[in-house]
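First the structure, in the form of structure tokens, and then the observations on it.
Numbering of ligands and ligand atoms starts at 1, following listing order.
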Amino acid sequence: MLLIFHLFSPSDHQSLETPVTEFPPLRVKDIQVLETMDQENVYRFVSAIDTQIMASSGVIWNSYRDLEQAGLGLAHQKYLSIPIFPIGPLHKCSPASSGSLSSQACQRSISWLDKQTPKSVVYISFGSVIAINKDDFLEIAWGVANSRIPFLWVVRPGLVSGAEWVEPLPKGFLEMLDGRGCIVKWAPQQQVLAHPAVGGFWTHSGWNSTLESICEGVPMICQPYLPDQMVNARYVSHFWRVGLHSEWKLERMEIERAIRRVMVEAEGQEMRARIMHLKEKVDFCLRKGGSSHQSLERLIDHILSF
Ligand SMILES: *[C@@H]1O[C@H](CO)[C@@H](O)[C@H](O)[C@H]1NC(C)=O
């Protein structure tokens with residue numbers, strides 16, 4: 001995001017579809033939101049990060065070389081004198097603490113998944129920050145139900161504006177699904193994505209979720225809300241080509257269609273093949289001799305040299 005802001009200079013007469021030449025998969029509209037936000041604050045925010053980077057003795061990058069070669073190249077160019085260490089994916093280096101893994105909420109999603117057939121379930125989670133309105137919530141619920149694809153949906157208390165939890169759902173909604181859906185308040189995401197029953201991930205496209213999905217070889221449906229998520233979604237759909245970018249109206253028929261495209265159609269199979277290839281590269285880069293492993297060794301040497 002930071003690099004995009006520095007290297008891209010929009011001009012007034014560009015159309016929204018104009019490609020951003022510095023970042024091939026992006027169009028002006030994928031980053032246009034930067035233009036519409038409070039400019040002074042955005043500028044202050046970006047300069048603060050920039051100052052921090054320039055003052056630091058190194059940058060730890062939560063990614064791996066094969067995934068973001070071009071971005072890393074640009075970062076090296078911009079911060080010539082600052083060493084950059086792509087040692088990610090970080091969650092693979094330091095797994096989530098096991099303390100929370102035994103909780104009941106956690107057991108519930110995993111034991112439900114245990115009863116489903118391989119690659120049959122779409123996992124839905126919009127992360128820990130955003131909220132959606134009641135109408136969108138209901139469209140999602142009906143779209144998912146009508147797709148007839150089994151689903152595990154994380155609805156955190158507070159996700160639906162003005163509701164405590166899932167009260168906006170019509171009475172008997174879950175019963176009508178006859179076991180095909182499971183709604184939970186929280187799920188152990190990395191374990192869920194690694195579960196053999198999960199075949200797709202409908203996500204808000206935060207960076208952690210995107211990386212976690214890639215690491216487990218799960219194709220995505222991207223529903224971004226914030227500027228960095230828009231960029232991630234565009235890379236997922238048009239650069240790595242391992243998911244769909246929801247540029248549709250949030251409407252039940254469109255949702256049903258998107259889920260079926262990723263979960264059962266040939267298009268989804270192709271995405272799965274591509275993301276499995278990225279997953280293999282993750283496994284390789286973390287091993288001795290792999291790029292992230294080497295970066296980690298460089299980082300250790302760097303720290304010891306002070
Ligand atoms: C993203 O993952 C990193 C590494 O696993 C973690 O330290 C960080 O807190 C996560 N960020 C969010 C927003 O969950």
Side-chain angles (χ1 to χ4, degrees), residues 1-4 33 37 42 45-46 48-49 52-53 56 58-68 71-72 75 84-103 105-106 109 123-132 152-159 184-195 198 201-218 220 222-233 235-236 240 242-243 275 278-279 281-287 290-300 303:
M1 239 12 236
L2 183 65
L3 288 170
I4 291 168
V33 62
M37 287 162 82
V42 172
F45 178 67
V46 172
I49 300 178
Q52 287 293 327
I53 293 182
S56 57
V59 175
I60 294 172
W61 186 297
N62 185 14
S63 188
Y64 60 103
R65 199 185 57 199
D66 286 317
L67 191 65
E68 292 199 281
L72 274 166
I84 296 170
F85 304 96
I87 62 170
L90 285 177
H91 72 279
K92 286 281 178 188
C93 311
S94 59
S97 76
S98 58
S100 58
L101 295 183
S102 52
S103 78
C106 171
S109 358
Y123 166 58
I124 309 168
S125 171
F126 302 134
S128 47
V129 181
I130 63 136
I132 57 180
L152 171 65
W153 186 4
V154 179
V155 179
R156 120 186 102 69
L159 173 74
V184 293
K185 291 185 175 158
W186 179 83
Q189 178 156 306
Q190 289 165 34
Q191 257 189 309
V192 165
L193 288 169
H195 196 286
V198 172
F201 180 17
W202 183 357
T203 170
H204 67 304
S205 296
W207 183 242
N208 277 0
S209 289
T210 304
L211 263 186
E212 287 164 15
S213 210
I214 290 173
C215 285
E216 304 308 338
V218 179
M220 287 165 260
C222 303
Q223 174 96 43
Y225 289 87
L226 301 174
D228 59 319
Q229 301 166 358
M230 309 257 178
V231 169
N232 297 339
Y235 270 82
V236 166
W240 301 309
V242 296
I275 202 165
L278 291 178
K279 169 182 161 52
K281 287 185 170 173
V282 177
D283 296 340
F284 188 74
C285 80
L286 291 169
R287 268 186 248 148
S291 63
S292 291
H293 193 276
Q294 281 178 358
S295 296
L296 184 59
E297 287 180 330
R298 269 201 305 124
L299 174 62
I300 295 168
I303 292 171

Verify, without hydrogens or angle tests, whether S213 (side chain) and V218 (backbone) share a donor-acceptor contact under 3.5 angstrom.
-> yes

For Y225, does the OH atom have more than 12 heavy-atom neighbours from other residues, nucleotides or ligands under 6.0 Å away?
-> yes

Proximal ligand 1 atoms for N208, defined as those under 4.0 Å from one of its heavy atoms | 1 (C), 2 (O), 3 (C), 8 (C), 10 (C), 11 (N), 12 (C), 14 (O)

Which of the ligand 1 atoms, numbered from 1, are nearer than 4.0 Å to a heavy atom of H91 | 5 (O)

Would you say atom 9 (O) of ligand 1 has a protein heavy atom nearer than 4.0 Å?
-> no

Of all the heavy-atom pairs spanning R298 and P86, show the shortest one and how long it is.
-> NH2-CD, 4.1 Å

Looking only at heavy atoms, which two atoms of G88 and C285 are closest? And how far apart?
-> O-SG, 4.1 Å

I'd like a table of donor-acceptor pairs (distance under 3.5 Å, sequence neighbours excluded) in which one partner is a side-chain atom from residues 204-211, with atom names and distances.
unit_1	atom_1	unit_2	atom_2	d
W207	NE1	N62	O	2.9
S209	OG	Q189	NE2	3.1
T210	OG1	G206	O	2.8

What residue and atom, counting heavy atoms only, is the protein's closest point to atom 4 (C) of ligand 1, and at what distance?
-> L90 CB, 3.8 Å

Can you find an N/O atom of N62 closer than 3.5 Å to an N/O atom of ligand 1?
-> no

